[in-house]
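Presented below is the structure to which this report refers.
Residues: numbered from 1 along the sequence shown. Quick caveat, the model's predicted, so the values are computed rather than measured. Hydrogens, waters and symmetry mates play no part in the numbers below; they use all other heavy atoms, side chains included.
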Amino acid sequence: MTSTITPSGGLAEGTEPEPGPRDSSSARTRRPWRTRLSRLDAKASPYVYIAPFFILFGLVGLFPLVYTFFVSLFNWKLLKGQGDFVGFDNYVKVLSDEYFWNSLFNTASIFLLSAIPQLIAAVFIAAVLDQNIRAKTFWRMSVLLPYVVTPAAVALIFSNMFGEQYGLINNILQNFGLDPIMWKSETLPSHIAIATMVNWRWTGYNALILLAAMQSVPRELHESAQLDGAGPLRRFLSVTLPGIRPTMIFVIITATVGGLQIFVEPRLFDSSGSTPGGSQRQFQTTVLYLWEMAFQRQNFGQASAIAWILFFIIVGVGVLNFFLSKSIATAEAKVGAKRRRRRAGGEK
C-alpha cells in the first residue's frame with residue numbers, strides 16, 4: 001500500500017508509511033575498518049615477510065662487522081680487553097708488516113691455482129652431465145660427494161697424501177725414478193697441494209650449479225643452431241656459454257669470495273708446525289695470519305684491522321669482476337648486433 005500525503009503535510013487516512021532507508025551506520029563503520037586493515041596489510045605484510053632476514057643479518061652480519069671496525073680503532077688485547085684509542089694506527093702497522101703482504105701473496109697464488117682450473121673443470125663436467133648419458137642421477141650425486149665431506153677430513157687426507165717422506169704422491173714419483181717434492185717446505189708445491197684440496201671439494205658443487213643453468217637454456221636454440229650446420233663445439237660456445245653467463249658470473253664471484261677467505265685447508269695442511277702456514281710462512285693465507293694475530297699474538301686490534309682490509313679487498317675484486325663481466329657482455333652484444341645487421345643486409 002502506498003502512502004498519500006495531504007496538503008497539510010500529513011499522511012492520508014488508511015495509508016501506511018513507506019519503509020525508510022535501512023540503518024547502515026554499522027555497515028559504514030565496518031566497511032572503512034576493513035578497508036583500512038586491507039590497505040595496512042598490503043603495505044606492511046611485505047616488510048613483515050622480509051623482516052626475519054634483516055633481523056638475522058643485523059645480529060650475525062652487520063653488528064659483528066661494525067663491532068670489528070670499533071675494535072680495530074683500539075689497542076685491544078685478548079685478555080686485557082679494550083685499551084687506549086689508537087685510531088688508524090693498527091691499519092698502518094698491518095700495511096707495513098711484511099708478513100701481511102706475504103699472506104696476501106699466498107692467498108692470491110692459491111686462489112689463482114684453484115679458481116681457474118676449478119671453473120674450467122666445472123664447466124666441462126657440467127657439459128658432460130648435460131648430455132644424454134646413462135645413470136644421470138648417479139653421476140650427478142657422485143660429483144657432489146666431495147662437497148659433503150667435511151673440510152677437516154679433506155685436509156687431513158690430502159695432508160697425508162702430500163707428505164714429504166711417506167706421502168702417497170712422493171712414493172708414486174719415486175717408483176718412476178723421480179725425486180720427491182717438498183710439498184710442505186717449498187712455496188709453489190705447497191700452493192699446488194692446497195689448491196688441489198680446494199678443487200677436489202668445490203668442483204662438483206659448481207658443476208651442479210652450472211648444470212642447472214645449462215638445462216634452463218631453451219632447446220630450440222640448440223636445434224636451430226644444429227639446423228644451421230653448427231657442430232657440438234660451436235653450439236656450446238655460441239649457445240650454451242652465452243646462456244649461462246649470469247650463473248657463470250655468480251660462480252666466479254662466490255669462488256672469489258671463498259678463495260680469498262681460505263683458512264681450513266692451509267691450517268690443517270701442516271698442523272704439527274709451530275707457525276701456522278709453514279715454518280717459513282710459505283703457505284700462510286691472510287685469514288690464517290688474522291687467526292695468528294688474534295689468538296696467538298692476542299692482538300685483537302690489528303686482527304680486526306686485517307679483517308677490514310680483507311673485506312675491502314674482497315669488495316674491490318667483486319666490483320672488478322662485475323664490471324669485467326658487464327663489459328664482456330656488452331662487447332658480445334655489439335658483435336651480435338653487427339652480425340644481425342650484416343645478415344639483414346645480405347638478405348636484402
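For residues 248-261, the pairs satisfying side-chain hydrogen bond (donor to acceptor under 3.5 Å, both in side chains) are Thr256-Asn321, with sequence neighbours left out. Legend: salt bridge (Lys or Arg N to Asp or Glu O under 4.0 Å) pairs involving residues 198-222, not counting sequence neighbours, sorted by first then second residue: Asp130-Arg219. Evaluation of the side-chain hydrogen bond (donor to acceptor under 3.5 Å, both in side chains) test over residues 285-300, restricted to residues two or more places apart or in two chains, returns Asp97-Tyr289, Thr107-Thr286, Arg281-Glu292, Gln284-Glu292. Pairs passing the ring-ring contact (aromatic ring centres under 6.0 Å, His included) check and including a residue from residues 97-117, sequence neighbours excluded, do not occur. Each ring-ring contact (aromatic ring centres under 6.0 Å, His included) pair with one or both residues in residues 168-188, not counting sequence neighbours, appears once here: Phe162-Trp183. Within the structure, side-chain hydrogen bond (donor to acceptor under 3.5 Å, both in side chains) contacts touching residues 135-163 (residues at least two apart or in different chains) are Ser159-Lys184.
Residues satisfying the side-chain contact (heavy atoms from CB on, under 4.5 Å) test with Ser185, not counting sequence neighbours, are Glu164, Met182. For Asn90, the side-chain hydrogen bond (donor to acceptor under 3.5 Å, both in side chains) criterion is met by no residue, not counting sequence neighbours. Residues satisfying the side-chain contact (heavy atoms from CB on, under 4.5 Å) criterion with Phe124, sequence neighbours excluded, are Val128. For Ser72, the side-chain contact (heavy atoms from CB on, under 4.5 Å) partners two or more places apart in sequence, or in a different chain, are Phe69, Tyr91, Ser304, Ala305. Scanning for side-chain hydrogen bond (donor to acceptor under 3.5 Å, both in side chains) contacts around Thr247 gives an empty result, with sequence neighbours left out.
In this structure, the separation between CG on Leu210 and OH on Tyr205 is 11.0 Å, given to the nearest 0.5 Å. Summarising the geometry, atom CD1 belonging to Ile157 is positioned 12.0 Å from atom CG belonging to Leu268; distances are rounded to the nearest 0.5 Å. For the atom pair CG of Asn102 and CZ of Phe283, the computed distance is 11.5 Å after rounding to the nearest 0.5 Å. The CD1 atom of Ile181 sits 10.5 Å away from atom CD of Gln174, with the distance rounded to the nearest 0.5 Å.
Proximity of Phe300 to Gln82: side-chain heavy atoms (C-beta onward) are nowhere separated by under 4.5 Å. Between Leu211 and Val143 the shortest side-chain heavy-atom distance does not fall below 4.5 Å. Put simply, the side chain of Arg267 does not reach to within 4.5 Å of the side chain of Val287, judged on heavy atoms.
Counting Ile, Leu, Val, Met, Phe, Trp and Tyr side chains that sit under 4.5 Å apart, directly or through other members, Leu59 shares a hydrophobic cluster with Ile55, Leu56, Val60.
A side-chain donor-acceptor contact under 3.5 Å links His191 to the backbone of Gln282. Counting only distance, with no hydrogens or angles, the side chain of Asn170 and the backbone of Gly163 share a donor-acceptor pair below 3.5 Å. Counting only distance, with no hydrogens or angles, the side chain of Asn199 and the backbone of Ala195 share a donor-acceptor pair below 3.5 Å. Although no hydrogens or angles enter the test, the distance criterion places a donor-acceptor pair under 3.5 Å between the side chain of Trp308 and the main chain of Leu65.
Ring pair Phe74/Phe70: centre-to-centre distance below 6.0 Å.
Applying the 6.0 Å contact sphere to OH of Tyr47 captures no more than 12 heavy atoms from other residues, nucleotides or ligands.
The heavy-atom pair separating Ile262 from Gly259 by the smallest distance is CG2-O, 3.3 Å. Taking both residues in full, the closest heavy atoms of Thr240 and Val217 are given as O-CG2, 4.5 Å, listed atom of the first, atom of the second, then distance. Across Ala126 and Ala207, no two heavy atoms sit closer than the pair CB-O, 3.4 Å. The two residues Pro151 and Val264 have their closest heavy-atom pair at CB-CG1, 3.8 Å.
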